[in-house]
Protein chains: 2
Amino acid sequence: MKNYEVIYQAIESGILKGVYEAGAYLPSENKLRQTYHVSRDTIRKALSLLTANGYIQKIQGKGSLVLKREQLRFPVSGLTSYKELQNSYGYDSSTDVVSLKKIIIDKKMADVTGFEISSVCWELIRTRAIDQKKVILDKDILLTAIVPEMDTEIAKDSIYRYFENQLNLNIAFAEKEITIDALTNEDRDLLDLNQHDINIVSVKSRVFTSDARQFQYTESRHQVDKFRFFDFARRHPSTM
Amino acid sequence: MKNYEVIYQAIESGILKGVYEAGAYLPSENKLRQTYHVSRDTIRKALSLLTANGYIQKIQGKGSLVLKREQLRFPVSGLTSYKELQNSYGYDSSTDVVSLKKIIIDKKMADVTGFEISSVCWELIRTRAIDQKKVILDKDILLTAIVPEMDTEIAKDSIYRYFENQLNLNIAFAEKEITIDALTNEDRDLLDLNQHDINIVSVKSRVFTSDARQFQYTESRHQVDKFRFFDFARRHPSTM
DNA sequence: CAGTGGTCTAGACCACCAT
DNA sequence: TGGTGGTCTAGACCACTGA
């Protein structure tokens, strides 16, 4: 077995067993180098695997932060924004802002969104139309502490472009969950669905900055026959 | 801009523009090192990004093979096998083999599966039960050139375990597509669906070995309310 | 300022592939 | 055998963090 794989597994099991707790930092690369009697590059290879598999987030000048594990986690990756989805359907698409207001997170919303209770957030609801049909309903919750300003002009465009170009927000990773839900009345009101539809695809995600602070929760609801998720998957990131 | 990012983009655009054609090899790491006047590690960093993003497959002793691009490709990753899914639901699950036979790929199947016309393949159909309810229908097409032997005993267990432990098959990557389809009569016959269901989740994938040969096509059909896809996603693999 | 991670180098040896 | 990628080393310098 390769050195960096051994070290990867040692640290992984340390995280799983709670030796390294979520929210704390791993020993520094230098410490680990001494512990395992290997070069720094070998340590870095092990850590980059842990990063790729969602165990840690490295923060320059600070260390390797152990991430909270939400349930069991498949070793997968990929962000999908509306602007990316757009390309699947060409450019005959548009965005409508349904509502934009500030809200305060209560217990229930805290569980759903992952934000702390009594955080102040923007709540943004938009519909996305493809070929003049509204087929996607986007509900965004944005932490005002990180995104202080928001208006319908920005919301009509890509909020991600605003984050990255204007706010210099460094978006690092996201957790995403895809499920098939029953249609709600809100879905029926805001979208142009097919008569016979009874289901909708729900893509829920939590998005984090490079210093591992969550700033966004999104639920994106897609008409079932307009939904398509494409995935390129590697089995052993270790043997790249 | 960092050196390896510059090189990554140079090679990426070379692939996109067809300077490096799919099926051909990139210049060796040594050549690239000379071309860009950097160390081999810097080249390797750029290549590992190209690998992570699905552009190339490195093959030891041969080189970096440029992969065919199927449509646009999100920068995503992750394999999900039934055995992994199982963990979401605990271990009260079982597999039934519906049929297993050899088939020859015709034009239509070639388009669907990605295999060449007149390849000889195993066609394996199985149902997966959770809590005594059959909720997943798996249809596998396996290239006999790579998987010469298959029987219902193996198929009842994990075929992946057989691939990796018995055949020493090195599974490297997969392309996967998730869509929501209308129920077919076959779905109704073989699965224990809810009365009111009209949709089913279809996960289609093509699976490749580490020398970039496709050996499997799978369609996995999941009852909508039993389907859940969890994803951990990084925005900039470059800035790990 | 000291400590952390991020980038880059030059060189070594190994495993694998083709000839 | 020579060329390829895979692993590992020791050291350098930079960018960022926090006291």
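Here is the naming used below: chain letters follow the sequence lines, and residue numbers restart at 1 for every chain.
- We find that NZ of Lys58(A) is positioned 10 Å from C1' of dT4(C), with the value rounded to whole Å.
- When distances run from any side-chain atom of Arg40(B) to the nucleotides dA15(D), dG6(D), dT7(C), the shortest one goes to dG6(D).
- Inspection of the Ser64(B) and Gln57(B) side chains reveals no N or O donor paired with an N or O acceptor under 3.5 Å.
- For the pair Leu65(B) CG and dA18(C) C1', the interatomic distance rounds to 16 Å; values are reported in whole Å.
- Tyr20(A) and Glu12(A) are not linked by any side-chain donor-acceptor pair at a separation below 3.5 angstrom, with hydrogens and angles left out of the test.
- Nucleotide dC14(C) holds its C1' atom 18 Å from the CE atom of Met1(A), rounded to whole Å.
- Between the NZ atom of Lys31(B) and the P atom of dG2(D) there is a distance of 16 Å, given to the nearest Å.
- Here dT7(D) presents its P atom at 15 Å from OH of Tyr8(A), a figure rounded to the nearest Å.
- When the side-chain nitrogen and oxygen atoms of Tyr4(A) are compared with OP1 and OP2 of dT7(D), one or more of them lie within a distance under 4.0 Å.
- The residue among Val38(B) and Ile59(A) whose nearest nucleotide of DNA chain C is located toward the 5' end is Ile59(A).
- Checking the phosphate oxygens (OP1, OP2) of dA10(C), no side-chain nitrogen or oxygen of Ser39(B) falls inside 4.0 Å.
- Counting to the nearest Å, the C1' atom of dT9(C) and the NE2 atom of His37(B) are 15 Å from each other.
- Nucleotide dG5(D) holds its P atom 13 Å from the CG atom of Leu50(B), rounded to whole Å.
- For the 3.5 Å distance criterion, the side chains of Thr218(A) and Asp140(A) qualify, holding a donor opposite an acceptor.
- For the pair Asp41(A) CG and dA12(C) P, the interatomic distance rounds to 17 Å; values are reported in whole Å.
- The aromatic rings of Tyr55(A) and Tyr8(A) sit perpendicular to each other, their planes meeting at more than 60°, with 30° as the lower class boundary.
- In this model, the phosphate group of dT9(C) is approached by a side-chain N or O of Thr42(B) to a distance below 4.0 Å at OP1 or OP2.
- Ring-plane geometry between Phe163(B) and Tyr160(B) is classed as tilted, the angle between the planes lying from 30 to 60 degrees on a 0 to 90 degree scale.
- Close to dG6(D), at under 4.0 Å from its OP1 or OP2, lies a side-chain N or O of Arg44(B).
- For dC8(D), neither phosphate oxygen OP1 nor OP2 lies less than 4.0 angstrom from any side-chain nitrogen or oxygen of Lys2(A).
- Distances shown here put a side-chain N or O of Asn3(A) below 4.0 Å from the OP1 or OP2 atom of dC8(D).
- The Lys62(A) side chain lies nearest to dT17(D) when the options are dA18(C), dT17(D), dT7(D).
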